[in-house]
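Values below: all heavy atoms of this structure, side chains included; hydrogens, waters and symmetry mates excluded. Both ligands and their constituent atoms are indexed starting at 1 by order of listing.
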Amino acid sequence: MSTEQPLTGGLTPSQLADFERDGYLVIPNALPPTTVEALLAETHKLLDNFSLSDHPMTRFSTGEKSDHVGDDYFLTSGDKIRFFFEEDAFSPSGELLKPKARAINKIGHYLHALSPPFAALLDPASNPDLLGAGSSTGSVATRPQGSMVICKQPEIGGAVPPHQDSTFLYTDPPSAVGFWYALEDATAENGCLSFLPGSHRWAPVRQRFVRAADGRSGTEFMDNTGPQFPVGEEYGEDKKDENGDGEYVMGEVKAGSLILIHGNLLHKSERNTSQKGRIIYTFHVIEGEGTTYDARNWLQPPAEGFTKLIRA
Ligand SMILES: O=C(O)CCC(=O)C(=O)O
């Protein structure tokens, strides 16, 4: 993959205006069906082939899992392809209740480098529009990171509570933009995303999700003492309109759609108790110039540094 590329593609002025107003943007048919098929085939291959024998959740089922093992497995996943279970995949005594391929909530977090079909999405030759979209949303010199497939399995797919992505991938000032691709139809029944439109303008990033302090293992939330909004006069707590918090809007989309998500936007997804899974692929980009990536973020750069997407 080339790392220094000119900008191509990008959002239309009307798409950009929608993104700036709402804090998210749905782009239908962003991926051709052949790409969706290739990414789904890769996902199923990964799910079918990973080993349970050395997985920390396997130890959990035999009562040997310590939090430390699970924490390490998560915290060292930034340059690997690892598998994280749905919480409801286990019985109270720790037995796996589903076949492993139907028990995984998430695969992460370095698919965009280690899995050829997912890495191809970042290749300017095969996906110029993506690079342009990253730029048009204000992210030049972007660094994609934290890529993952979220399976939201039938019957046991976990809910994702309301959050802002800059809580998890903090830069000073905040700059994260989420790229969220539906690889299967996402509906109200199987736990599509929903969004609080406009909240990116008034909702501060008050909390950060970081590596635990003082040599303790694991992660914790801490108060954000740095900037809570990106730079710009359009942002601030006084930008909340008279309708108060407003209401969450469902983002039902077809397979192949891309949703761009501003790092300050409040969004969530509900449980999937339906018989249909909801496989998606997501990664985030951060502004690589003029921002500082925080050393306490849970996700730290791999030895080779974060992948550099574009430089205008
Ligand atoms: O796909 C989901 O259900 C949640 C994903 C999400 O909120 C995120 O990636 O920020």
Can you pull out the closest protein heavy atom to [atom]? Residue, atom name and distance to 0.1 Å, please.
atom	value
atom 2 (C) of ligand 1	R278 NH2, 3.3 Å
atom 3 (O) of ligand 1	S269 OG, 2.6 Å
atom 10 (O) of ligand 1	D165 OD1, 2.8 Å

Testing the 3.5 Å rule here: is there a donor-acceptor pair between the side chains of D223 and Q207? yes

Counting only heavy atoms, which portion of L193 has something under 4.0 Å from ligand 1: side chain, backbone, both, or neither? side chain

Check H262, H163, Q164 against H267 for a side-chain hydrogen bond (donor to acceptor under 3.5 Å, both in side chains) and give me the one that passes. H163

Mark the output for K268 as yes if a heavy-atom distance to ligand 1 is under 4.0 Å, and as no if none is. no

I'd like to know if the side chain of [X] and the backbone of [Y] have a donor-acceptor N/O pair within less than 3.5 Å.
X	Y	result
E20	A17	no
Q153	E86	no
N272	K276	yes

Note: ligand 1 atoms sitting under 4.0 Å from heavy atoms of K152 are 3 (O)

Proximal ligand 1 atoms for H163, defined as those under 4.0 Å from one of its heavy atoms: 6 (C), 7 (O), 8 (C), 10 (O)

Shortest non-hydrogen contact from G226 toward N224: N-OD1, 2.8 Å

